[in-house]
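Structure, as structure tokens:
Throughout, residue positions are numbered sequentially from 1 according to the sequence presented.
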Amino acid sequence: MNNRNGRLGLGWLGSVSVLLALVALWWVASNAGWVSRVFLPTPQATFASLLEGLNLSSGNSGNGELLAFTQATVGRMVEGWLLASLFGVLLGAAIGVSPAVRAWVQPTLEFIRPLPASALLPLAISIFGLNPGMVLFVVAFGAMWPVLLATVHGFAAVEPRLSEVARCLQMSRTAYIWKMGLPNAMPDILAGMRLALTIALIVAVVGEMIASQSGLGQAILLAARAFRASDLFAGIVLLGLIGFVSNALLALAEKRLLRWQQP
């Protein structure tokens, strides 16, 4: 246990060291004039823009627009991810428990899966128009595939002897899914949900940029067009923080949900 804690501590120390080194390189490059501040602001300017945008500046003079944009993007990401997780698990379970259905559907899934969700934005715009519902649909569609495929794999990988036991006990399909299939597939499902959360954030930002919907994507695009480099970098830093925090929270939830598998 001590060795494990020591390795974790060294891992965190290494990660923080790399991050600090990158920030130091950024500081040197911007302050030394290696790159024009029109394109690369200083870390100080970015941090000031971040505080002002979140209305956290000491003078309380921030506009708070970045906070509203962040709430819109996070809300869109979470809603799309929840829809993707729900439909991904339901469809994946229905496909994964039946070898015959898997044989029929798997080629179609493999054909649709590589399609980038952002490429479907023009089609979604023509169907739904430029509205928040369109972006939510594309986010859910793009984020659904990791959950769907992970669920199919998890149910397909159930130990054959468990299936034989279920048949001997004359378990219904619903009971088999709930008592045997779902526990076996849970690690795959949670891994797919973590990947889907990242995809949901990416697609939400791209959708906001293309469809002109309120959010961090639109804020970053407008800042780039106006050459407000510090605002642009503040938005990018926020996106990184959102991705890091959401992944960390889901990893913690995954660890708690899978405690029964740990020796």
Nearest atoms (heavy-atom pairs only) where V147 meets T151: O-OG1, 2.6 Å
Spatial distance of atom OG1 (T70) from atom CG (L241) [nearest 0.5 Å]: 9.5 Å
Contact check, side chains of I189 and L182, non-hydrogen atoms, under 4.5 Å: yes
Side-chain heavy atoms of L197 within contact of N247, under 4.5 Å: no
N/O donor-acceptor pair under 3.5 Å between W145 side chain and A196 backbone: no
Reported CD1-to-CZ distance for the pair I199 and R194, which is rounded to 0.5 angstrom: 13.5 Å
Nearest-0.5 Å distance that lies between atom CG in L90 and atom CE in M144: 11.0 Å
T46 vs L50 side-chain heavy atoms within contact, under 4.5 Å: no
Co-membership, hydrophobic cluster, residues V18 and L25, 4.5 Å side-chain: no
Criterion side chain to side chain contact (heavy atoms under 4.5 Å, CB included) on T42 and F47, from CA distance to verdict: CA-CA 9 Å; T42 63; F47 187 66; over 6 Å; no
Check: M193 main-chain N/O paired with W81 side-chain donor or acceptor under 3.5 Å: yes
4.5 Å side-chain heavy-atom contact, Q44 and N31: yes
Min side-chain heavy-atom separation Q106-V152 under 4.5 Å: yes
Between OG1 on residue T198 and CD1 on residue I242, distance to nearest 0.5 Å: 12.0 Å
Shortest non-hydrogen contact from L239 toward L201: O-CD2, 3.9 Å
For F69 against A219, the heavy-atom pair lying closest together: CD1-CB, 3.4 Å
Nearest atoms (heavy-atom pairs only) where D188 meets G154: OD2-CA, 3.3 Å
Nearest-0.5 Å distance that lies between atom CD1 in I210 and atom CG in L121: 4.5 Å
side-chain hydrogen bond (donor to acceptor under 3.5 Å, both in side chains) against T73, all qualifying residues, sequence neighbours excluded: E208
Show every donor-acceptor pair shorter than 3.5 Å between a side-chain atom in residues 122-143 and any protein atom, with sequence neighbours excluded, or say none if there are none.
{"residue": "S126", "atom": "OG", "partner": "L123", "partner atom": "O", "Å": "2.6"}
{"residue": "N131", "atom": "OD1", "partner": "G133", "partner atom": "N", "Å": "3.0"}
{"residue": "N131", "atom": "OD1", "partner": "M134", "partner atom": "N", "Å": "2.9"}
{"residue": "N131", "atom": "ND2", "partner": "F128", "partner atom": "O", "Å": "2.4"}

Would you give me the side-chain donor-acceptor pairs under 3.5 Å for residues 225-237, sequence neighbours excluded?
{"residue": "R228", "atom": "NE", "partner": "D231", "partner atom": "OD2", "Å": "2.8"}
{"residue": "S230", "atom": "OG", "partner": "S49", "partner atom": "OG", "Å": "2.9"}
{"residue": "D231", "atom": "OD1", "partner": "S49", "partner atom": "OG", "Å": "3.3"}

Verdict with reasoning, M209 to Q218, per side chain to side chain contact (heavy atoms under 4.5 Å, CB included): CA-CA 5 Å; M209 289 181 175; Q218 186 186 53; over 6 Å; no
Taking every non-hydrogen atom, the tightest pair across S30 and P43: OG-CD, 3.6 Å
Shortest non-hydrogen separation from I95 to V101 and the atoms involved: CA-CG1, 4.0 Å
L86 reachable from M186 in the ILVMFWY side-chain graph, under 4.5 Å edges: no
CG on L82 to CE on M77, rounded to 0.5 Å: 9.5 Å
Close side-chain approach of W34 and V28, heavy atoms under 4.5 Å: yes
Step-by-step side chain to side chain contact (heavy atoms under 4.5 Å, CB included) determination, F87 to L83: CA-CA 6 Å; F87 286 101; L83 288 174; 4.2 Å; yes
Transitive ILVMFWY side-chain link F111 to L149, under 4.5 Å: yes
